[in-house]
Amino acid sequence: MAVKEIVKRCEALFEDLHFKTVRDWKAAQPGRKAIGYMPIYVPREIIHAAGMLPVGIFGGGDQIEVIQGDAYYQSYICRIPRSTIELGVTGRIDCLDGMLFPSICDVIRNLSGMWQIMFKDKYVRYFDVPQNYMDNVGGEYYVHEMQILRDDLAKLAGREVTDDDLRASIQLYNENRKAMRDLYDYRAEKPWQAPTSEVYLVTRAGMVLPPEEHTQLVRDYIAATDAEPRAKRDNARVVLTGSFCEQPPLGLIKSIEMAGCYIVDDDFHLVTRWNLDDVVVDGDPLWNLAKSFLHRSADTSSKYSMRREDKGKFLLESVRKYGAEGVVFAAASFCDPALLERPMLLEILKKHGIPSTAFKFAENTGQMAPIREQAGTFADSIKLWSAA
Amino acid sequence: MSTQKVDTTALPGKKPAPKNVQKEDAMWLQKEMINANYHDLAIAHDVGRKVSATFVPGNLNELLMCFDFARSLPETNALQNGMRKKSGKMIMDAERDGHSEDVCTYVKADLGMMMGGEIGPTGEKLPVPDVLLLSYTGCFTFMKWFELVRQKYDCETTMLHVPYQGDGKINESMVQYVVKQLKEEVIPTLERVSGVKFDIDRLRQYMKESTKAEEDLVAVLQSAKNRPSPIDGYFGGVYYIGPIFTAFRGTPEASKFYSVLRGEIEERVRQKKGPVTPDGEMTEEKYRLVVEGPPNWTSFRDFWKMFYEDGAVVVASTYSKVGGVYDFGFRHNPDEPLESLARYCLGCYTNLNFPQRIDMICKYIDEYQADGLLINSIKSCNSFSAGQLLMLREIEKRTGKPAAFIESDLVDPRYFSSANIKNRLESYFQMINQKRRATAAVH
Amino acid sequence: MNPIHTVGIDIGSGVVKTTLFRNTGDRHEWLAKRVERIRKRDPMELAQQGYEEVLADAKVAPNDVAYIATTGEGENVKFATGHFYSMTTHARGAVFLDPEARAVMDIGALNGRAIRVDERGKVLAYKMTSQCASGSGQFLENIARYLGVAVEEIGSLSKTSKEPEKVSSICAVLAETDVINMVSRGIATPDILKGIHLSMASRVVKLLKATGITSGHVLLTGGLALDEGLLAAIREEMVNEKVNLDAANHPDSIYAGAIGAALWGAFRHGKLQELQSRAAA
Amino acid sequence: MRLFIGIDLGSTTTKAVVIDEDRNVLGRGITNSRSNYDTAAAIAKNEALVSARFQLFREALGRTKALNGNLDTFIEQLERDFRHEQFIEQLADLEEVCQRNAEGRFGKDTAAVKEALGETFKRLRDEAHELFAPGAKRKSDFFRDIAGSRYLALGEAVAKEAEVRYDNLLNVFDRSIIEVENRVYGDSIRHHLLNALDRTLKALPDSASKREKISAPIKGILDTAMEETYIVGTGYGRARLPFSKEHIRSEILCHGLGAHVMYPGTATVLDIGGQDTKAIQVDKAGIVESFQMNDRCAAGCGRYLGYIADEMNLGLHELGPLAMKATKTIKINSTCTVFAGAELRDRLAIGDRREDIMAGLHRAIILRAMSILARSGGIRDEFTFTGGVAKNEAAVKALNDLVTENYGKLTLNINPDSIYTGALGGATFAWRAVVEEGKTAEAR
Ligand SMILES: Nc1ncnc2c1ncn2[C@@H]1O[C@H](COP(=O)(O)OP(=O)(O)O)[C@@H](O)[C@H]1O
Ligand SMILES: Nc1ncnc2c1ncn2[C@@H]1O[C@H](COP(=O)(O)OP(=O)(O)O)[C@@H](O)[C@H]1O
Ligand code: SF4
Ligand code: SF4
Ligand code: SF4
């Protein structure tokens, strides 16, 4: 398949706010169920092991007209919960049999309770994760949380979720994670071959496709784009961070690239790259998932850094590993976790002499001029001064 | 033993009331207590005491006392600075330092205060805390807040993660998780920082003291079920909860304060008196309201005035439960001290899920015979505010009582638009009135 | 070293500015300049026109121009060689106009920007106002009209104010009503203008502080740079905020972007030549 | 006769409605809200009383049957002539103020400026009758706008001819108009009317023969005392009205009641004014059940259209018709009023058609209103749209589309006088206060 076709397919998946793929998947076999989850992370393995399709719900983007959703939120709250409610009340996601609201911030936390009230016939769970990383403290609590989810889903599925089911799912997701790592490595190596406006869509497809299918898609994309050489531009290499929850519109990503930046790492769809390496397959699956979470998972602002020295480490490592020249901090307006974290990260970057710039967006931001100006100035200053 | 030096008996009447502002005696008393605590904090390092900082919801005051810490509560500092109209500048300072306009202003007021040389609300310099007890209860921002403070001061930080009541109940795994953190993380850190060995019997002793004050506080807050209500459960309420939600829970001073207060209030009930407002006693109780959401501190007086001027009294509020929900029976339990601390944290108002919060308000409207619900939605506080509009609708639906919605902020004076709020309140009162008349006409 | 000619074109929301430079190594001679208000005309045509006019003024043939650099909203100018973003160019232009400048404040109708620069005009840090036009310069003009004050008069009137009246509203639209209320309360025109100036100044000084600058000159650029009232307000605000900087404007402040574009054009041209010769070698 | 008056002091316009003892609407008056609220209220009230008198003329003349068949033509002519008279007086006033303000202001140019002013006003006077000719289109009904737009046009030409700076002329105007518009010409109504009557009788020769028959009832009415029995003030600026608290009602209540009076079946009311948008739910008796307003952000309110109109150099009433010519609707995301102009420019720059962008802008406003409506409890049958923006057909169309898409088919009520809804509610409250509650007006 040519790049164009792959991207077109992903684009169609991205734009489809009625989740036809999910509906089709369910229709293909009677009794199939789908469970939605919000950013940043849920152990999708458990959903999958219960024979269900995990579906990432990342807001409504800039195509949805939020009419009902606004009725639930004041203007100083970010946009993703309102567009998510809009998806809910307009029946666009009625194909989901349940929703998981991970512990990310108070907004999503409260949304879990609102969902309980608004969609009484669906399975709803607030999925808490530990902020204590000791095995016998946070680990035990987390395993217990996962066990509840496992039991709940088993009830919903009408069958047991066995350890072997879980191991098989972990295996599948390990492969998906591997493909994702390859994709990110590839982009960092040849960003002109894999512009982020495409990579974004390819990753995003993983929010609605079954894992095996998505893994294949990622592999196909890498092969296809590598076969079609494109022009290399004189752009600055940047890491984009802060967009782990509400997503910027695609136009914004394009604007950043147009303004002269190659994005070589980002924190979109972190769930696909949350576990930094393969989760151990053998042994107690829940404990394996827990250990990976406690000791080998990505960092983001909704996670507590145990020690002062840990703050920013992850970001610095990403800059180093992907050879970035700077960091673009793009956070959703009114996103408390990202915006409270920002000054800390900026300070650390400064200390390490890494240039950075910051701006805010909303998933429906329409005016790109200020974004272009800021990203462009940033790229200008890197370009004009790097070799000099 | 507590090191708080407050001679409670000497206080009432000691200070003459400033021009035209009326307060109950107990209000003076607690003001003294709070000021004394600021003084204690100011001199702590000089007298060789270590200083702890923690948050109001899920504050483990009894535990901190076991290690002889002087206790600072950054939220209270922020609110006190707000009331004294100092917060605006602090917030701007923090914003200039790179903090976003969008985030919680308590955090910015606190960081701004630090930049301004740590001058506390009473004008005395506050010490840099020796330990931050991050009671991560019911608010995500807490975590970032102390990370920010830690980044600035490199303070020792100890995290107490309190899981959220996502499905509306506390299960054993949650309690154990919190207890284990106390045992393995929090207590060892506090021991190390303070150099004081943990003594569980001391903790029990303080907790016993806590229950006395808790009992009296509940009686005070529930006195609003009377008609007329002898108290304002929101504007007055913030004074009543002051000591117990802060550095005083578990002290004999607090117990004393609450028994004095209870006495005063019971007397008012006997005399069928209304609440005391800054402009004197409220004579006619026209509207009884339940309020959800924290107050605005920068224009606290003006805000209150908009209510009592029109004869509106708040009979119950959720804000007076942020530092502990006691009216449904929870008390600290000296017999199982750590479990009880865990349950206290888990049960804080903002740690309840939405259906629970809605139930609670509906219950208040019913039990306190309120005319309706008013939501003061705070820009800063996602924990409180995200979803309040659904609350409003659900509660209206369930109780059939009208609800209204206003927006302001805690300590950012830029977000208190007096005319706007007044407009809404007036319309709301007139609406209740009209409705009442219409129903009266039918009967 | 041969002199090369470069043109800088700055397309703003209200005005198109064009400059022409002759560059010999580090020496830059400013040969010609043009400023044209857009007034609802097509900015692209004005850019073309400005370009032709500066060439004509300086008697330089189109073939002799080595680099045409655009900035501002000029990303789509067809005949340009390259584009630089406006903070890049304002920074360079400011240092050209005032070699001591270590920060630039560009105050526009809708956005304000603060840019910290080094002595070479390199952008070290910058801050821009957000998507919400609260406190922007946009309504200054509306209000001036309402008050019956000519735009040029704003500055001098504002400077006579004794008791500036604070504009409290965050939203520029609601602030309009605020101002109307002030008139009804009999607040004098200078006090109102000064109030608006102060509220704008407080915003830009806040931005400026956020860039982390601590010493040096601050040059005002952009359309409002020559508003003396605003300048005075900024100075006051700096004293209030204990920012130890001194703010100034320059009669050619408005050209800063176009100057910067032309100079960066020269720089870039040199770099490209270098790369080319390296490739050839 | 006893009259009950409601005054709605809005952020952009001030409206007044006069009703009689039987709750018939006799007159409506509107003016632009200005720095002096008191004046705005007084002018709106006067306008409403004038319009009430016209209504009474119509009734009286109708009774005498003197003008069989020509009644409408006559009254319309009389009204235009009356406006013309008013205009001439204000224009003279404006000229005087302008000349005074120009004095010594422009150094050596002063004399030239003053001369140019004189010329401009001469031309204004000369063409004034055209403005009030039958069928003439005016940009707005407010003196500020009518005089302003013609002054700008004529002034530019004069400035060019006289070689004085156009900016100087503008400056004098801006400075002077405030003074003039803050004057209440209440006393002149009578003689304006009598002059207008003369003009009309001249203009309509048929009627001249019946001069006496026509004049008598008119004079009779002019001599009838109009007793302002009770006034209720409402609206955004009500707190600044010099009324006692008894005479003030919240605009929410007034809009709810006003909508109920206009359409007794009303359940949901949407009011989009200059700076606020309100969604109100009322019960069968017109009592407000719940309401929501926009928050402290003025995005998507009427003023938004004002900014757009300025940007496009159009009158407010021209926006709707332009948007109606759209063939598609461009998606507009930001409704920040101040950024509206910038967004419009952006869109034009990438080649979108004006009409289509306009359609998008209107839809954006209504989208915001939809969320406020949803917040207040949704839209129920019947749905009444009030406020100034209800005059805009493109806004109405967007509303109609969105309501149908989201709530199905409902009755959508829009009254041509929708802008007076709040004032009507106020007048009704005034009537209730006296007739139902037996109150008497409190001393001001
Ligand atoms: N959450 C809270 N925690 C602690 N104290 C609170 C809280 N809410 C309100 N308060 C009270 O607010 C009061 C403000 O009092 P004070 O500064 O004395 O006001 P004033 O001087 O205006 O009377 C404090 O005394 C304190 O008790
Ligand atoms: N003739 C008209 N055509 C279209 N829109 C109008 C017209 N007149 C007024 N408007 C709109 O109505 C708004 C004013 O509405 P109004 O209800 O009078 O507001 P307020 O009560 O806040 O003054 C204006 O901002 C404008 O957008
Ligand atoms: S965007 Fe930020 S504030 Fe909003 S829901 Fe996501 S994490 Fe929470
Ligand atoms: S978000 Fe709310 S609960 Fe959290 S610190 Fe701020 S005000 Fe307190
Ligand atoms: S309308 Fe006002 S508050 Fe709203 S976005 Fe625009 S400037 Fe900001």
Side-chain angles (χ1 to χ4, degrees), chain A residues 71-78 81 85 101 103-118 124-128 130-132 134 136-138 140-141 144-145 148 301-302 304-308 311 331 333-344 346-348 358 360, chain B residues 97-100 102-104 107 111 134 136 138-141 143-145 147-148 150-151 154-155 157 159-161 163-168 171 173-174 176-177 180-181 184-185 350 352-358 377 379-391 393-394 405 407 415:
Chain A
Y72 296 87
Y73 289 103
Q74 306 84 322
S75 53
Y76 46 77
I77 287 174
C78 58
I85 286 193
F101 297 88
S103 154
I104 164 170
C105 74
D106 296 330
V107 174
I108 301 271
R109 186 197 75 179
N110 289 2
L111 183 56
S112 74
M114 296 168 70
W115 214 265
Q116 290 169 9
I117 293 169
M118 297 173 71
V124 183
R125 180 159 184 81
Y126 173 71
F127 186 76
D128 215 343
Q131 301 284 2
N132 173 297
M134 291 193 253
N136 64 336
V137 183
E140 282 197 4
Y141 167 71
H144 188 262
E145 281 293 301
I148 295 180
S301 49
S302 52
Y304 176 59
S305 308
M306 288 247 276
R307 298 171 312 156
R308 184 179 183 234
K311 182 64 64 199
S333 294
F334 306 106
C335 176
D336 276 39
L339 292 170
L340 285 163
E341 181 96 344
R342 189 172 71 183
M344 291 186 266
L346 293 183
E347 189 186 319
I348 289 161
K360 293 190 290 190
Chain B
D97 199 39
H99 289 273
S100 169
D102 295 354
V103 302
C104 173
V107 182
L111 297 172
L134 205 180
Y136 175 46
C139 164
F140 185 89
T141 300
M143 186 163 97
K144 295 291 116 184
W145 188 342
E147 281 185 351
L148 281 158
R150 178 180 65 187
Q151 174 133 336
D154 202 13
C155 305
T157 307
M159 163 65 124
L160 179 70
H161 175 208
Y164 179 62
Q165 291 198 38
D167 25 330
N171 67 36
S173 152
M174 291 165 150
Q176 282 318 312
Y177 176 43
K180 259 195 237 167
Q181 291 178 77
E184 310 220 351
E185 162 75 32
T350 45
L352 304 182
N353 78 354
F354 254 69
Q356 287 174 293
R357 281 171 67 183
I358 291 173
S377 180
K379 171 184 176 284
S380 273
C381 190
N382 285 351
S383 176
F384 256 103
S385 308
Q388 276 172 331
L389 285 158
L390 176 69
M391 256 171 143
R393 268 208 242 165
E394 278 293 309
F405 202 79
E407 296 174 71
Y415 290 92

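Because the structure is a prediction, the values reported are computed rather than measured. Chain letters run A, B, ... following the sequence lines, proteins first, then strands; residues in each count from 1.
- Looking only at distances, no side-chain donor or acceptor of B:T350 sits under 3.5 Å from a matching main-chain atom of B:C139.
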Residues A:R125, A:E145; criterion salt bridge (charged side-chain N to carboxylate O under 4.0 Å, His left out); working and verdict: CA-CA 11 Å; A:R125 180 159 184 81; A:E145 281 293 301; 3.2 Å; yes
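- Within the 4.5 angstrom heavy-atom criterion, only side-chain atoms of B:I358, from C-beta onward, approach chain A.
- Panel note: side chain B:E147, backbone A:S305; a donor-acceptor pair is recorded below 3.5 Å.
- Neither the backbone nor the side chain of B:Q165 comes within contact range of chain A; no heavy atom of the residue lies under 4.5 Å from a heavy atom of that chain.
- When each of B:G138, B:C104, B:G168 is scored by its heavy-atom pairs under 4.5 Å with chain A, the top score falls to B:G138.
- Of the listed residues B:M174, B:E184, B:Q176, the one with more heavy-atom pairs under 4.5 angstrom with chain A than any other is B:E184.
- Your options are A:C105, A:S112, A:A358, and the one with the most heavy-atom pairs under 4.5 Å with chain B is A:C105.
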Test salt bridge (charged side-chain N to carboxylate O under 4.0 Å, His left out) applied to B:K379 and B:E407, step by step: CA-CA 7 Å; B:K379 171 184 176 284; B:E407 296 174 71; over 6 Å; no
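- Contacts of B:S385 with chain A are made by both backbone and side-chain atoms, with heavy-atom separations under 4.5 Å.
- When heavy atoms are compared at a cutoff of 4.5 Å, B:N171 approaches chain A solely by way of its side chain, counted from C-beta outward.
- Between B:Y177 and A:Y141, the ring-plane angle classifies as parallel under the 30° and 60° cut-offs.
- Using a distance-only test at 3.5 Å, with no hydrogens or angles considered, no donor-acceptor pair links the side chain of B:D102 to the main chain of A:D336.
- Interface remark: B:N382 contributes backbone and side-chain atoms alike to the contact with chain A (heavy atom separation under 4.5 Å).
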